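All values reported here derive from a predicted model rather than from experimental measurement.
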Amino acid sequence: MRPETPTPSAGTTLWGSDAIARMIQRLEIPYLAVVPGASFRGLHDSLVNDLGNKNPQMLTCIHEESAVSIAHGYAKASGRMMGAVVHSNVGLLHATMAIFNAWCDRVPMLILGATGPWDAAKRRPWIDWIHTASDQGALVRGYTKWDNQPASIPAVYDALLRGAQMATTAPRAPVYVNLDAALQEQKLDALPTLPDPARFAAPESPTPAPELIQRAATLLSGASAPVILAGRTNRTEASWRARVALAEKLGARVITDIKTGAVFPTRHPLHVGPPGSFLSQAANKALQEADVILALDWIDLAGTFKAAFGDQPPTAKVISASCDVLLHRGFSMDYFGLPPVDVNLLAEPDVVVPRLLEACRARQAAPPPAAAPDVPPMRTGDVMSLRALAEVFNATTTGMDVCLTRLPLGWRGAYRDFAHPLDFLGNDGGGGVGAGPGLTVGAALALRGTGRVPIALLGDGDYLMGVTALWTATHYGIPCLIVICNNRSFYNDEAHQERVAITRGRPVENKWIGQRIGDPDMDLALMAVAQGAKGIGPVTQPEQFAVAMKEGLRAVMDGDVCVIDARVLPGYDTDASGERPPARG
């Protein structure tokens with residue numbers, strides 16, 4: 001990590017922002033991703049000249065969406081919370097999409113904002129007025145766990161402690177603390193006593209009552225065809241092993257979801273796949289045959305049941321291990337439908353699984369065999385299919401510990417196997433476009449020194465909307481590899497326009513209008529070069545892509561950031577259920 005070391009400061013006067021910075025330091029926030037702004041100039045000065053830009057270190061970003069996405073990616077890869085700082089109402093408005101992603105993805109994050117002086121008599125003409133809002137937190141209140149605008153330094157201490165505690169208490173999510181510019185810039189006669197954060201730590205995750213665990217264990221032990229829906233879980237190897245051990249003890253078939261990343265080995269004989277945004281044919285059949293279903297914080301359990309059973313409720317007994325209901329609010333419908341549940345374990349899956357493993361009896365009967373995934377053949381031409389790209393990607397990364405930080409919409413779960421919780425980090429949470437580069441930089445920051453190579457496979461739209469996040473990676477020496485699966489279109493919406501045209505009896509040939517990204521053709525590799533990264537491409541053939549991958553991997557091993565523009569066919573390989581990836585909206 002390339003440090004930005006300030007000249008030592010000899011000043012002795014204390015300022016409000018010095019107290020704020022020292023409280024942030026006590027919370028052991030490792031990094032703050034920032035887009036500079038006058039509303040937090042006091043805090044910025046204190047981070048540099050009082051703390052020496054260490055613990056936390058600032059990471060300069062070019063856009064607030066990237067700042068929040070970097071913090072998001074860091075949390076996904078490390079399980080730890082970092083911070084982001086956004087300037088006033090305008091910076092917060094920029095950041096809203098990324099905050100929504102982090103909210104839907106249930107990751108902890110401390111977001112610091114700032115406002116022009118709340119005391120109107122202290123506002124500078126014009127600029128402080130348009131950058132001051134009467135209720136700034138309202139901009140993100142529907143998709144943050146908590147927000148606050150403290151009015152004194154002791155109140156800031158309380159807000160930071162409470163915010164950190166709430167963000168890291170399951171179900172985890174971002175919090176927003178808004179700092180008054182005047183409060184930051186007031187002189188202090190003395191530093192208010194800093195509290196000990198250890199006394200305000202997040203509580204231990206609650207454990208279900210023993211009788212509930214026993215009820216669940218009795219159902220699972222007596223099942224003839226149990227199924228585990230493995231959803232949102234942590235990324236520790238201990239929890240991974242516990243999930244595998246429970247499945248093996250029960251002989252339970254396991255279904256995973258590509259939205260949540262790697263949670264179970266996909267080559268395991270009990271895994272029913274391939275993982276996808278929707279149920280594969282094999283997974284759908286396994287769910288229909290199940291007599292007991294264990295849902296481990298599965299995203300949209302009710303929607304999954306509707307896909308498998310239509311308008312009828314599942315006949316299987318349903319056990320749910322999730323505390324997500326504690327976060328459900330009225331603004332966003334990310335709480336999904338209300339599923340039928342017979343045993344509701346209001347706890348995190350990683351708390352529940354070891355207890356079920358201990359309480360369940362081993363089942364001797366082997367599960368019905370799962371259908372082999374249907375993988376479409378490679379296609380060739382002047383561009384590659386995603387399948388062809390995947391074949392080359394897998395061949396060139398054989399024997400390497402790779403962390404896939406992002407996958408494009410058209411990717412099928414059968415294209416690559418996952419054998420470790422860091423093999424794939426999942427999607428962005430909110431289904432927007434533009435988070436991929438920032439998520440990758442944040443994950444790469446968290447993975448430095450682990451031996452894992454962070455690689456993103458991004459759609460071209462995702463890359464284009466977030467490309468300036470690469471500058472932060474190159475500036476601070478955060479190596480990562482980005483492969484752009486470039487179909488030169490917002491193709492998912494082409495598919496939607498095709499459906500509408502067919503329904504209305506209109507020309508399907510017009511589906512590309514307002515969707516294609518070309519004429520002129522953008523040089524995506526040169527955009528990477530403009531950020532200080534290495535750019536390769538465009539490459540159009542599998543053989544060219546293989547050469548580019550080897551060059552890109554060497555660059556990352558040497559500590560560089562590299563981007564490969566890989567041209568792929570517009571279009572999606574449908575999975576065995578016939579479903580296509582979801583639209584962005």
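The heavy-atom pair separating R235 from L425 by the smallest distance is NH2-O, 2.8 Å. Taking each heavy atom of S224 and D291 in turn, the nearest pair found is N-OD2, 2.7 Å. Closest non-hydrogen pair, I29 versus G83, comes out as CG2-N, 3.7 Å. In this structure, T405 and A443 approach most closely via the heavy-atom pair CG2-CB, 3.7 Å. Across all non-hydrogen atoms, the minimal contact from A242 to L357 is O-CD2, 4.4 Å. Here the closest heavy-atom approach between residue A217 and residue A359 is recorded as CB-CB, 3.7 Å.
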Checklist entry - side chain to side chain contact (heavy atoms under 4.5 Å, CB included) between I258 and W411: does it pass, once the steps are laid out? => result CA-CA 10 Å; I258 208 163; W411 187 270; 3.9 Å; yes
Checklist entry - Does the pair R452 and D423 meet the rule for a salt bridge (charged side-chain N to carboxylate O under 4.0 Å, His left out), with working shown? => result CA-CA 9 Å; R452 283 208 166 249; D423 280 354; 3.0 Å; yes
Item to check | Step-by-step side chain to side chain contact (heavy atoms under 4.5 Å, CB included) determination, L110 to Y176 | outcome: CA-CA 6 Å; L110 177 64; Y176 178 68; over 6 Å; no
Item to check | Criterion side chain to side chain donor-acceptor pair (under 3.5 Å) on H271 and R253, from CA distance to verdict | outcome: CA-CA 6 Å; H271 185 270; R253 289 172 288 180; over 6 Å; no
Item to check | Worked verdict on T233 versus R243 for side chain to side chain donor-acceptor pair (under 3.5 Å) | outcome: CA-CA 10 Å; T233 63; R243 290 190 290 275; 3.3 Å; yes
Item to check | Full working for side chain to side chain contact (heavy atoms under 4.5 Å, CB included) between I70 and M82 | outcome: CA-CA 9 Å; I70 287 170; M82 67 170 271; 4.3 Å; yes
Item to check | Criterion side chain to side chain contact (heavy atoms under 4.5 Å, CB included) on L229 and L301, from CA distance to verdict | outcome: CA-CA 9 Å; L229 292 168; L301 185 59; 3.6 Å; yes
Checklist entry - Checking side chain to side chain donor-acceptor pair (under 3.5 Å) for the pair S69/S66: CA distance, chi angles, key distance, verdict? => result CA-CA 5 Å; S69 293; S66 294; over 6 Å; no
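Counting only heavy atoms from C-beta outward, the side chains of L294 and P226 never approach each other to under 4.5 Å. Looking at heavy atoms from C-beta onward, S332 lies out of side-chain contact with Y143 at the 4.5 angstrom threshold. Contact annotation: the side chain of P197 approaches that of L27 to within less than 4.5 Å [non-hydrogen atoms, C-beta and beyond]. At least one side-chain heavy atom of P265 sits less than 4.5 Å from a side-chain heavy atom of W240. With a 4.5 Å cut-off on side-chain heavy atoms, L457 and L404 count as touching. Contact of the V453 side chain with the D401 side chain is not registered, since no non-hydrogen atoms from C-beta on lie closer than 4.5 Å. Using a 4.5 Å heavy-atom threshold, the side chains of M549 and V483 count as touching. Side chains of M23 and P195 form a contact here, defined as non-hydrogen atoms less than 4.5 Å apart.
Heavy atoms from other residues, nucleotides or ligands lying under 6.0 Å from NZ of K306 number 12 at most. Residue-environment remark: CD (E211) exceeds the threshold of 12 foreign heavy atoms within 6.0 Å.
Side chain of D350 to main chain of N234: a donor-acceptor pair is present (N/O by atom type, distance under 3.5 Å, no hydrogens or angles). In this structure, D196 contributes its side chain and A198 its backbone to a donor-acceptor pair below 3.5 Å. Listed for the T397 side chain is no donor-acceptor partner under 3.5 Å among the backbone atoms of M400. Remark: side-chain polar atoms of R267 are not paired, donor with acceptor, to backbone N or O of D417 under 3.5 angstrom. Looking only at distances, no side-chain donor or acceptor of R355 sits under 3.5 Å from a matching main-chain atom of I213. In this structure, S280 contributes its side chain and G273 its backbone to a donor-acceptor pair below 3.5 Å. Of the possible donor and acceptor atoms, none in the side chain of K259 sits under 3.5 Å from a partner among the backbone N and O of G429. Without hydrogens or angle criteria, K249 side chain to S221 main chain gives no donor-acceptor distance under 3.5 Å. No donor-acceptor distance shorter than 3.5 angstrom exists from the side chain of Q288 to the backbone of F309, with no hydrogens or angles considered.
Annotation: salt bridge (charged side-chain N to carboxylate O under 4.0 Å, His left out) contacts of E348 (sequence neighbours excluded): R172. For R141, the salt bridge (charged side-chain N to carboxylate O under 4.0 Å, His left out) criterion is met by D135, D147, not counting sequence neighbours. With sequence neighbours excluded, the residues that form a salt bridge (charged side-chain N to carboxylate O under 4.0 Å, His left out) with R406 are D428, D462. Residues that satisfy the ring-ring contact (aromatic ring centres under 6.0 Å, His included) test with H268, not counting sequence neighbours, are F264. With sequence neighbours excluded, the residues forming a salt bridge (charged side-chain N to carboxylate O under 4.0 Å, His left out) with D158 are R162, listed by chain and number.
Here the CH2-OG1 distance, from W103 to T96, works out to 15.0 Å after rounding to the nearest 0.5 Å. Separation of atoms CD1 (I99) and SG (C104) is listed at 12.0 Å; rounding is to 0.5 Å. Atoms CD1 and OG1, on I478 and T440 in that order, are 11.5 Å from each other to the nearest 0.5 Å. Within the model, atoms CZ of F424 and NZ of K76 stand 7.5 Å from one another, a figure rounded to the nearest 0.5 Å. With rounding to the nearest 0.5 angstrom, the CZ atom of F305 is 6.0 Å from the CG atom of L287. Atom-to-atom distance recorded for F200:CZ and Q165:CD is 8.5 Å, nearest 0.5 angstrom.
Counting only N and O atoms by type, the side chains of T304 and W298 include a donor and acceptor under 3.5 Å apart. If you check the side chains of S239 and T236, you find a donor sitting under 3.5 Å from an acceptor. Between the side chains of H72 and N101, not a single donor N or O lies within less than 3.5 Å of an accepting N or O.
Listed by first then second residue, pairs satisfying side-chain hydrogen bond (donor to acceptor under 3.5 Å, both in side chains) with a partner in residues 314-324 read R106-D324, R232-D324, D297-S322, D324-H328, not counting sequence neighbours.
Evaluated for a side-chain contact (heavy atoms from CB on, under 4.5 Å) with P349, the options L356, V263, L296 yield exactly one hit, L296.
A salt bridge between R387 and E391 is present, with a side-chain N of the basic residue lying under 4.0 Å from a carboxylate O of the acidic one.
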